> 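Dumping the structure here so I can ask a few things about it.
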Amino acid sequence: MWRIWRRVGSLSPLFSSPKSSILRQAPYRLNFLGILSTENGTPATIGFFSKEKTPFIAFVLGGPGSGKGTQCAKIAEAFGFTHLSAGDLLRKEISSNSENGAMILATITEGKIVPSGVTIKLIRREMESIENNKFLIDGFPRSEENRIAFERITGVEPNIVLFFDCPEDEMVKRVLGRKQGRVDDNIDTIKKRLKVFAALNLPVINHYTRRGKVYKINAVGTIDEVFEKVRQVFDDCKQMIK
Ligand SMILES: Nc1ncnc2c1ncn2[C@@H]1O[C@H](COP(=O)(O)OP(=O)(O)OP(=O)(O)O)[C@@H](O)[C@H]1O
Ligand SMILES: Nc1ccn([C@@H]2O[C@H](COP(=O)(O)O)[C@@H](O)[C@H]2O)c(=O)n1
Ligand SMILES: [Mg+2]
């Protein structure tokens, strides 16, 4: 019922204002520190972005092995985006022996979702430390809980959402062929991740489809063939990317 995907080559004029990314202004809101700011007062920030510096955000979603990371690297190079992979940030946290490292490792090994507060803290730290106003957030949000927490904490929605649509058998083949030593690249965890994708991640994609933000890209084809479809999305969105 919700499959009214926005397709490459059929961009609508509705989809034109970067300001549409800012959540409808309530008379007041809490920022991430829990500080109340009012529209008529002098709110310095909306969430953790200042009004002037609200970045362009693309969420990049798709099942395990659909090619999110591969395509993000190419988008970053071609269009000057900063690529933040939630999975990479969590893996970095494991290797840095942080207090949450053991919990994150166990969660990833089980193919489950790390609590939103932990992941958002890592994303936020990166966004605040990088001087760019164009971000690809790869593999986030993975659940409605992730999405709602991000929007509540930052006060913004993504400008666009890329969804790499890939058949399960192709995703399994790609993950098993990846050979990067990831603890979750084994058939047992992949099966669990596919279930989690269907149960928790698809509702997020459906939500943003209803919001008119999803670009569904057929992820089957060579890396370059898929990138040509991605390129078309970003070329068409040039006006709204500052
Ligand atoms: N279009 C493609 N055709 C064939 N192989 C691909 C394609 N895109 C990516 N791959 C390969 O598939 C594997 C998975 O790709 P990638 O890591 O980009 O997926 P991902 O969506 O980020 O997965 P994950 O969610 O597990 O991090 C990699 O080995 C990559 O080189
Ligand atoms: N928002 C997220 C993103 C990832 N995870 C965990 O990391 C695993 C690997 O993520 P990739 O994006 O690199 O595939 C994923 O299966 C989750 O266990 C998460 O919890 N929350
Ligand atoms: Mg990845």
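Counting starts at 1 for both ligands and their atoms, following the listed order. Since this is a predicted model, take the numbers as computed values, not measurements.
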> Using a heavy-atom cut-off of under 4.0 Å, does the side chain or the backbone of Q71 touch ligand 1, or both, or neither?
neither
> Could you find the nearest protein heavy atom to atom 1 (N) of ligand 1 and give me its residue, atom name and distance?
G221 O, 2.8 Å
> Determine whether any heavy atom of K68 lies closer than 4.0 Å to an atom of ligand 2.
no
> Counting C-beta onward and ignoring hydrogens, is there a side-chain heavy-atom pair between Y208 and I160 closer than 4.5 Å?
no
> What protein heavy atom lies closest to atom 13 (C) of ligand 1? Include the residue and the distance to one decimal.
R174 O, 3.7 Å
> So between T70, V226, I190, whose heavy atom ends up nearest atom 30 (C) of ligand 1?
T70
> Pick one of side chain, backbone, both or neither for how D138 approaches ligand 2, counting any non-hydrogen atom pair under 4.0 Å.
neither
> For ligand 2, is there an atom lying under 4.0 Å from some heavy atom of R91?
yes
> Would you indicate whether the side-chain heavy atoms of F135 and P55 approach each other to under 4.5 Å?
yes
> If you measure from atom 27 (O) of ligand 1 to every heavy atom of E170, R182, K68, Q180, which option wins on shortest distance?
R182
> Name the closest protein heavy atom to atom 19 (O) of ligand 1, giving the residue it belongs to and the distance to 0.1 Å.
G67 N, 3.3 Å
> Membership question, hydrophobic clusters at under 4.5 Å side-chain separation (ILVMFWY): are L136 and I241 in the same one?
yes
> Return yes or no for this condition: an N or O of T119 is under 3.5 Å from an N or O of ligand 2.
no
> Starting from atom 22 (O) of ligand 1, which protein heavy atom do you reach first, and at what distance in Å?
G69 N, 3.0 Å
> Report yes if the side chains of L162 and K68 come closer than 4.5 Å at any heavy-atom pair, otherwise no.
no
> Based purely on interatomic distance, does S66 place a nitrogen or oxygen under 3.5 Å from a nitrogen or oxygen of ligand 1?
yes
> Indicate yes or no: does an N/O atom of G139 lie under 3.5 Å from an N/O atom of ligand 2?
yes
> Distance to 0.1 Å, residue and atom name: give those for the protein heavy atom nearest to atom 8 (N) of ligand 1.
I223 CG1, 3.6 Å
> Side chain to side chain contact (heavy atoms under 4.5 Å, CB included) for L84 and F140? Distances and angles first, verdict last.
CA-CA 9 Å; L84 299 180; F140 183 97; over 6 Å; no
> Looking only at distance, does D88 have an N or O less than 3.5 Å from an N or O of ligand 2?
no
> Given K74 and E77, is the salt bridge (Lys or Arg N to Asp or Glu O under 4.0 Å) satisfied, shown in steps?
CA-CA 5 Å; K74 293 177 82 69; E77 195 184 338; over 6 Å; no
> For the 3.5 Å polar cut-off, considering only N or O atoms, please tell me whether R193 and ligand 2 meet it.
yes
> Check for me whether G63 has a heavy atom closer than 4.0 Å to any atom of ligand 1.
yes
> Under 3.5 Å between some N or O of ligand 2 and some N or O of L90?
no
> Looking at atom 23 (O) of ligand 1, what's its closest protein heavy atom, distance included?
G65 N, 2.9 Å
> Measure up the F234 and F81 rings against each other and bin them: parallel (under 30°), tilted (30 to 60°), perpendicular (over 60°).
perpendicular
> Once you restrict to heavy atoms under 4.0 Å, what part of T222 touches ligand 1? Side chain, backbone, both or neither.
backbone
> So which protein heavy atom does atom 26 (O) of ligand 1 come closest to, and at what separation?
R178 NH2, 2.8 Å
